Amino acid sequence: MQPVPPVPPPMENMGKPDPRYEARSKVTGRARYAADEPVSNPAWAFLVTSAIAKGKVRRFLADEAKGIPGVLAIITHENAPKREKVAFFGDGGYVSTSLVPLQGPDIHHAGQIIGVVLADSYETAREAAHRLRVEYEVAEPVAGFRSPGAQTVELAAVKKSHKDVGVGDIDKGLADAAVTVDAEYFTPTQHHNPIELFSTTAVWNGDELTIYEPSQFVYSLKNCVARQLALPPEKVHVINPYVGGAFGSKGAPTQRTALVAALARQFNRPVKLVVARDQGFFITTYRAETRHRVRLGATPDGKLTAYGHEGWELTSMVDNYDVAGTENTAEMYASPNVWTKVNLVKADRNTPGFMRSPPEVPYMYALECAMDELAVALNMDPVELRRINDTMKSPINGAAYTSRSLMKCYDEAAAQFGWSRRDPRPGSMRDGEWLVGWGCATATYPTNMMPSAARVRLGGDGSARVQVAAHDVGTGAYTVIGQATAEFLGIPADKVVVELGDSRLPPGPVAGGSMTTASACSAVKVACDRIRERLGGSVPADPKALAGMFEKLKVGSLEEYAEWAPPGGEKGLAALHEGRMGGGSAERGGGTPKPAMFAFGAEFVEVRIHSRTKEIRVPRITGAFAGGRILNPRTARSQYLGGMIWGIGSALHEATEIDEKRARYVNANIAEYLIPVNADVPLVEIIMVPEVDTQVNPIGVKGIGELSNVGTAAAIANAVYHATGKRIRDLPIRPESLV
Amino acid sequence: MGGDTKATGVSRRGFLASSASTAAVPLAAGVLGAGAASAQAPGRAPDPRAPVDMVLKVNGTDYRLPLDIRTTLLDALREHAGLTGAKKGCDQGQCGACTVHLDGQPVLSCLTLAVMAQGKAVTSIEGLEGRDGTLHPVQQAFIDNDAFQCGYCTPGQIMSAAACVEQGRAGDEAAIREFMSGNLCRCAAYPNIVAAVKQAAVVKTGRA
Amino acid sequence: MRPFTYEQAPDARAAVQMAAVPSDAHVRSPVQFIGGGTTLLDLMKLDVMRPATLVDITPLEKAEAGRIQQTPQGVRIGALVRMSDAAEHPLLVQQFPMVAQSLALAASQQLRTMARLGGNVLQRTRCPYFREIAYGQCNKREPGSGCAALDGHNRLHAILGVSEACIASYPGDWAQALVALDTNVEVMGPRGPRVIPFAELHKPPADTPHIETTLVPGELITAFNVPASAAARRSLYLKVRDRESYAFALASAAVGLDLDGERVRDVRIGLGGVATVPWRARKAEEALRGQVLDEAAAEKAAEAEFAAARTHGHNDFKVPVGRQTLVRALMAAKAMEV
C-alpha cells in the first residue's frame with residue numbers, strides 16, 4: 001500500500017476526504033476561540049502564584065500593588081469567600097485538583113494560586129501581580145521519585161475500582177523461559193502546551209453566567225462551576241466553539257473558572273483571565289513522570305512465557321491520579337503468565353492529569369522497548385517477535401478482539417520503510433559522520449465510548465442542522481459529524497450545518513479517550529434514522545418530492561433529539577447530563593468480559609546521530625494504522641501525522657525539568673520546553689490499512705486521535721540502540737544520554 | 001536638531017503621531033533633540049500611566065486608540081482594535097502565533113510595542129483575504145493541504161508562509177521548513193504546512 | 001511590566017542625551033535603549049527588567065547604523081542592522097561565513113527580522129533563576145542573593161568562565177563570531193564616541209554578575225568593525241542543539257582557519273553555549289598554531305580549552321559535547337573549499 005498524500009484519494013471502508021468544515025474560518029482568522037470573545041469593558045484578572053512548593057503564606061505586603069491606579073481588588077486567602085468543595089474528577093467529581101485555592105495559607109505545590117489581582121487593564125493587573133510581595137514560611141518539598149520522603153502507595157490500596165490485572169504464574173513463566181529481559185524504564189514529566197493559552201472570560205447577565213473558556217468538556221465545566229458557586233446548572237452556560245489544542249489539558253475543569261466567575265459577580269463586570277504560559281504549567285495538569293520494571297520471558301523460538309510489568313506514577317499529595325496503563329499493555333501479546341502492579345508516588349506537586357494517550361504512552365513505551373530488547377536477546381527480527389506473539393483474544397480474560405490488524409500494519413509499514421534492507425547489527429548502518437539506526441514499535445489505543453445525545457433537524461429545503469455539545473479540538477469533529485449526518489440522512493454534506501462546543505446544545509462526550517466520533521456519531525445516527533423513518537425510510541433527493549412530504553406531514557422541519565449509550569452504559573446517560581464521565585466503555589472492571597476493542601498501528605523510524613556531538617535527528621518515520629471505519633481520511637491522516645510527530649518530541653525533546661530542591665518546573669515556557677519545529681520533521685509517511693469492524697459500535701469506528709503517538713518513542717529508542725549499541729531506557733534521549 | 005518631520009514623535013506628555021490622517025497635528029520634533037531631562041512640557045508632571053493616543057494603520061485602515069504605553073501590538077489588535085485573528089500563544093516571542101507583517105516583514109506582535117508600530121503598515125490575517133472574499137493563495141493552500149488542525153497557530157503560520165512565498169524563500173523544502181520553524185504547531189501539521197507553502201509558491205510564480 | 005516613558009531618538013547623540021538620566025551599569029538599569037525589543041520586552045513582561053525610560057533607537061537605522069559597508073580593513077556593520085539582513089549580506093556570506101552563519105542559525109526568522117545587531121550582542125541569559133522572579137536567589141538580578149543554579153537545574157548553564165556567584169550561560173550566537181575575529185565595537189557615550197575591542201565588551205561574572213558589560217551607563221553601541229583575514233574567509237559556525245532549528249546552543253563553535261597546506265598559520269575560535277560570555281578559545285588556538293591540523297591535534301586543542309571547565313551536574317555533558325563541537329568545526333573548516 002502507498003502512503004496517503006495530504007489530499008487522500010477515496011479508499012476502501014473510508015468516507016470522503018472532504019476539506020474541514022470550519023477551514024475557511026480558521027484560515028481567515030474569523031474562528032472565535034475563547035479569549036477572542038469580545039466582551040464589554042472587561043476587568044482583567046492576573047493570577048498570583050506561589051514561589052515555593054511547600055509551606056505557608058506568612059503574609060502579603062500589598063500596599064505597593066494596591067496603590068497602583070486601576071487596581072480594583074487583590075483577592076487572597078485573607079479576603080476570599082469560602083468556596084464549595086467539589087470532588088476531584090478521579091474520585092467521581094469534576095475538578096482537576098481537589099485543592100481549592102485561596103481557602104487558607106497552606107502551600108501544596110509550586111505555582112499554586114495564592115491570589116488574584118483584578119484591574120482595569122491587562123497591563124495593570126500583571127504589574128500589580130508582580131508587585132504583590134509575599135512572605136513565606138518555607139518547608140522542604142518532595143519533588144519527585146528521587147526526593148527523600150517520597151511515599152509510595154499501591155494503587156489497589158487507595159483506589160477501590162482498581163485491580164492489578166494478571167493471569168497465570170509469572171515466576172513459573174520466567175523460570176520456564178529460555179531468554180529473559182528484566183529492565184527499568186523512565187518517562188519524564190511532560191506538559192501539553194497547546195498553543196492556545198488557558199483563559200477564562202466570565203459574564204453575568206442577571207443570575208445567568210456565561211463562561212468562555214477553552215474546554216474539552218463544556219457540560220463538565222458548566223456543572224462543575226454551578227456546584228462550586230451553588231448555582232442551578234441551567235443558569236450556567238459554557239461557550240467554546242473552537243479549541244486551540246487541548247491534548248487533555250482542557251478536560252477536567254480547573255479551579256480558576258469559579259474564581260473568575262465569582263469576581264465577575266462581585267464586581268458586576270465581565271472578567272477576563274488569560275493565564276500566562278509559565279503559570280499554565282502549574283495551575284492545570286500534566287503527564288507525570290513514570291518508572292517501570294518490565295520482565296519478559298520467552299521460549300527460544302520467541303513465544304512469550306511471561307510478562308511482568310510494575311509501574312510507578314507520580315501524583316500530588318492531595319489527589320491520587322493514576323493512568324494504570326497495565327490494563328491495556330496486558331492485552332497486547334499472547335502470554336500465558338502476566339503479572340502487573342501499579343504504584344503511586346506522592347509528591348509536593350500539582351495534580352497530574354490526562355495527556356494524549358495517558359496510559360499508553362508511558363506503559364507501551366516500556367513494553368515496546370522491552371520487546372525490542374527481547375528480540376535482540378533472541379537474535380530475532382523485532383517484527384517477527386510481534387508476529388509470533390500476535391493474538392486474536394485477550395490473554396487476560398479470553399475475550400475475542402473485535403478486530404486486530406496489527407501484523408497487517410507491520411507488514412505494510414515495513415514494506416514502505418524498506419525494513420528488509422536493515423542490517424540488524426548495532427552501529428552497522430553508518431553514513432559518514434552520522435550513525436544510522438532503524439527501529440520499530442507497536443502503536444495501540446483502546447476503543448472507548450461514552451453516552452452522547454444529539455439533535456438533528458431536517459429542513460424542507462433539504463438542509464440539515466446537527467447539534468451536540470461535542471468538541472473539535474483539531475480532530476476534525478465538525479467535519480466528520482457533518483459528514484456522518486449527511487450520510488445517515490442521505491443528503492449532501494454541504495447541506496449540513498454543524499454546531500458544537502456549547503453547553504446549551506444536547507450533551508456530548510468529553511473530547512478525550514478518542515471517543516468523540518464513535519460516541520457522538522452513534523447518537524447522530526439514532527436521530528437521523530428516526531427522521532428517515534418519519535419520511536418513510538429515506539430523504540428524497542428531489543427537492544419537490546421532499547417539500548411534498550413535508551407538506552403532507554404539515555411540518556416546516558423535522559427534528560429529532562436522540563440519546564445513545566454504548567451497550568451496558570445506559571445508566572451513564574444521567575451522568576452525561578451532569579457532565580460526568582461514566583457509563584462508557586472506558587470504564588473497566590466487573591461484569592462480563594467485554595470484547596477486546598483496540599485500534600493498532602506499527603511505526604518505523606530512522607534516526608541519525610552525529611558520531612561526535614550526538615545530536616539526534618529523525619529524517620523519516622513511517623506508520624501504518626488500522627482504526628476501523630475512517631469517516632474522513634484527510635482529517636484522519638492529519639491525526640496520525642500529528643501524533644507521530646508528537647511522539648518524536650516525546651522521545652527526543654519533551655521534558656518538564658524540575659528543580660529537585662525547590663520542586664519547581666524550571667523550563668515553564670515554550671522556548672525551553674521543546675516540542676518539534678518544522679525543521680525537525682523532513683518526512684512522515686502514513687499508510688491507512690482498511691479495517692472493517694462490525695462489533696465495536698453501530699458505525700464501526702475506533703478512536704484514532706491518540707493512536708499514532710503511542711509507540712513512537714519506543715521505536716525511536718529502539719532505533720537509537722540500533723544506531724549506537726546503547727540501550728537508553730530513560731526519556732527524553734538527548735546528547736547527554738549518549739556521551 | 002529638528003528631527004525628522006516624517007518620524008513619529010513621542011514625549012512624556014503624551015503621544016503625538018504623524019501619519020496621513022494626522023498630518024496636521026504638530027509634531028513633538030523639538031522635544032526629540034532636547035534630551036529626556038527637558039522632554040516634559042513645562043508645568044506638567046510626566047505621568048507614564050496616562051493613556052497615549054496612538055494611531056495604528058492596520059490592513060489599510062487607521063485605528064486611533066488611547067492605549068497604555070505598555071500595550072503590545074498584539075494586545076492593541078486583539079483587545080482594542082477588535083482584530084482577534086493574531087493569537088496569543090506565549091506572549092514571549094516563542095510560538096509565532098502572533099505573527100503579523102510590519103511594512104511587509106513578518107514580526108512577532110507580542111514583542112512589539114504598539115507605540116513603535118505607528119507610522120508602519122500593519123498587516124494581520126484579517127488583511128490577507130481580498131475584499132471580494134477571495135482567499136489569498138496561501139490561505140487556500142492551507143485548506144487544500146489540511147495544513148492545520150486546531151487552527152490556533154494558523155493565522156501566524158499563514159502570515160509567515162505568505163512572507164516565505166513573497167520573499168522567494170519557498171524554493172526547496174528544507175528552506176521552507178527552516179523559515180517556518182518560528183511557528184510552533186502543537187497539532188504538528190508541519191508536513192502539510194510545507195506542502196501548502198509549496199502550492200502557494202507555485203500559484204505565485206506559476207512554476208512547479 | 002512597569003510603566004515607562006518612551007522617547008524616540010533621531011540619532012545616536014540624541015539617544016545618549018536622552019539616556020543621560022540617573023542610570024547605572026546594573027542589568028536592571030532604569031534607562032534602556034530599545035531596538036527590536038525582543039529580549040527587553042520579554043524580560044519586562046517577566047518583571048525582571050523594570051526600566052522607567054525607554055529610548056527608541058530604531059530611527060538610527062536610517063543612517064550609518066543601519067548599513068553594512070566594506071572598509072579598507074574589512075567590514076563595518078551598523079548596530080541597527082537586522083539580524084536577517086546581515087545573515088544574507090553577500091559580503092558577509094562570502095568573506096566572513098562564520099558571521100553570516102551564526103546569524104542564520106540563531107532564533108527564528110521572525111526574531112531575526114526584528115532583532116538588531118547591537119541588541120543581539122547584549123542578549124540576556126536564559127538562566128531560569130534569572131528570568132523568573134519567583135526565585136529569590138539570583139546574583140545577577142539581586143546582587144548578593146546567591147545563585148540557585150548551583151544546586152538547581154543547570155543543564156543549559158555555562159562551564160567556562162563561571163564563578164561561585166553565577167554560572168549563567170551567554171545565549172547568543174553571533175557574538176562568538178565577533179569575538180573570534182577580533183572585532184572592534186564603536187560606542188557613543190555621554191563623553192563622545194570610543195572604540196573598544198569586542199573581547200572586552202562582556203565581563204565574566206566573577207563576583208559582580210549583575211554587571212554584564214564594560215559599557216559606561218548610557219553608552220550605546222553604534223557599529224561593529226570586523227577585520228578581514230584569511231581566517232575569516234575559511235570560517236564557519238557550528239551549532240549543536242536539541243532541535244534542528246530554533247533552539248539555543250548546547251555548544252557552538254565559530255572557527256576560522258588560515259592554513260598553509262595542512263599546517264595552521266592562524267586560527268580563531270569562539271565558543272558558545274558553554275560559557276558565561278562570548279568565549280575566545282585562546283588556549284585551543286595556541287595549541288593549534290603552527291601545528292598540522294588533524295583529528296588528534298584538534299582533540300588536543302579542545303582538551304586544552306576545556307581543561308578549565310567547571311560543571312554542576314546536569315551540564316556535565318557539555319564538556320564532551322563542547323570539545324567534540326570544536327573538533328568537528330575545526331575539521332569541517334579544514335575541509336572547506338575557499
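Values in this document were obtained by computation on a predicted structure and should not be read as measured data.
In plain terms, the two heavy atoms of B:P106 and B:H101 that are nearest each other are CA-CD2, 3.9 Å. Taking both residues in full, the closest heavy atoms of A:V275 and A:G280 are given as CG1-N, 3.7 Å, listed atom of the first, atom of the second, then distance. Taking both residues in full, the closest heavy atoms of A:L47 and A:Q279 are given as O-NE2, 2.9 Å, listed atom of the first, atom of the second, then distance. Scanning both residues, B:A195 and A:P6, for their nearest heavy atoms gives CB-CG, 4.5 Å. B:G89 and A:I670 get closest at one heavy-atom pair: O-CD1, 4.2 Å. Scanning both residues, A:A128 and A:V71, for their nearest heavy atoms gives CB-CG2, 3.7 Å.
In this structure, A:R637 contributes its side chain and A:I686 its backbone to no donor-acceptor pair below 3.5 Å. Remark: side-chain polar atoms of B:T99 are paired, donor with acceptor, to backbone N or O of B:G96 under 3.5 angstrom. Without hydrogens or angle criteria, B:K87 side chain to B:T84 main chain gives a donor-acceptor distance under 3.5 Å. With hydrogens and angles disregarded, a donor-acceptor distance shorter than 3.5 Å links the side chain of A:Q216 to the backbone of A:G248. Between the side chain of A:S708 and the main chain of A:Y640, a donor-acceptor pair closer than 3.5 Å is present.
Residue B:K120 places its NZ atom among more than 12 non-hydrogen atoms of other residues, nucleotides or ligands, all under 6.0 Å distant.
Scanning residues 136-144 of chain B against chain A with a 4.5 Å heavy-atom cutoff picks out B:Q139, B:F142, B:I143, B:D144, ordered by number. When the heavy atoms of residues 19-27 of chain A are compared with those of chain B, the residues falling under 4.5 Å are A:P19, A:R20, A:E22, A:A23, A:R24, A:K26, A:V27, listed by number. Within residues 32-45 of chain A, the residues that have a heavy atom under 4.5 Å from a heavy atom of chain B are A:Y33, A:A35, A:D36, A:W44, listed by number. Within residues 167-183 of chain B, the residues having any heavy atom less than 4.5 Å from a heavy atom of chain A are, in residue-number order, B:R177, B:M180, B:S181.
Counting heavy-atom pairs closer than 4.5 Å to chain A, the top-ranked of the candidates B:C153, B:A188, B:C150 is B:C150. Contacts with chain A were tallied for B:L184, B:D146, B:I125, B:I158; B:D146 has the most, counting heavy-atom pairs under 4.5 Å. Heavy-atom pairs under 4.5 Å with chain B were tallied for A:G649, A:G245, A:G642; the largest tally goes to A:G642. Per-residue counts of heavy-atom pairs under 4.5 Å with chain A were compared for B:L128, B:I193, B:T154, B:T71; the largest is that of B:T71. Residue with the most contacts toward chain B among A:V681, A:I645, A:I675, A:T28: A:T28 (heavy-atom pairs, distance under 4.5 Å).
For B:R78, the part lying under 4.5 angstrom from a heavy atom of chain A is the side chain only. Only the side chain of B:E79 comes within contact range of chain A, with heavy atoms under 4.5 Å apart. The part of A:A31 that comes within reach of chain B is its backbone (N, CA, C, O), which places non-hydrogen atoms under 4.5 angstrom from that chain. If you measure heavy-atom distances from B:N145 to chain A, the contacts under 4.5 Å come from both the backbone and the side chain. Of the two parts of A:V243, only the backbone, made up of N, CA, C and O, holds a non-hydrogen atom closer than 4.5 Å to a non-hydrogen atom of chain B. Looking at A:Y478, neither its backbone nor its side chain comes within 4.5 Å of chain B, counting heavy atoms on both sides. When heavy atoms are compared at a cutoff of 4.5 Å, B:D68 approaches chain A solely by way of its side chain, counted from C-beta outward. For A:N669, the parts lying under 4.5 angstrom from a heavy atom of chain B are both the backbone and the side chain. No part of B:S124 comes within reach of chain A, as not one of its non-hydrogen atoms sits under 4.5 angstrom from that chain. Residue contact with chain A, scored on non-hydrogen atoms closer than 4.5 Å, involves the backbone and the side chain of B:K88 alike. Residue A:P17: no heavy atom, backbone or side chain, is found under 4.5 Å from chain B.
For the atom pair CG (B:L135) and CD (B:E129), the distance works out to 5.5 Å, reported to the nearest 0.5 Å. Between A:D278 atom CG and B:Q92 atom CD the span is 6.0 Å, to the nearest 0.5 Å. Atom CD of A:Q483 sits about 7.0 Å away from atom CG of A:L631, to the nearest 0.5 Å.
A salt bridge links B:K204 and B:E166; the closest N-O separation between the charged side-chain nitrogens and carboxylate oxygens is under 4.0 Å. Under 4.0 Å is where a charged nitrogen must lie from a carboxylate oxygen, and between A:E654 and A:R287 no such pair does.
The closest side-chain heavy-atom distance from B:R49 to B:R70 is below 4.5 Å. Put simply, the side chain of A:H653 reaches to within 4.5 Å of the side chain of A:P676, judged on heavy atoms.
Tested against A:T635, the residues A:T475, A:V480, A:D18, A:T517 include a single side chain to side chain contact (heavy atoms under 4.5 Å, CB included) partner, A:V480.
With hydrogens and angles left out, the side-chain atoms of B:N59 and B:E126 include no donor and acceptor closer than 3.5 Å. A:N240 and A:S215 share no side-chain donor-acceptor pair at under 3.5 Å.
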If you apply the rule side-chain contact (heavy atoms from CB on, under 4.5 Å), what do you find for A:T201 with A:V271, and how did you get there?
CA-CA 6 Å; A:T201 303; A:V271 171; over 6 Å; no
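By the 30° and 60° cut-offs, the orientation of the rings of A:F281 relative to A:Y673 is perpendicular.
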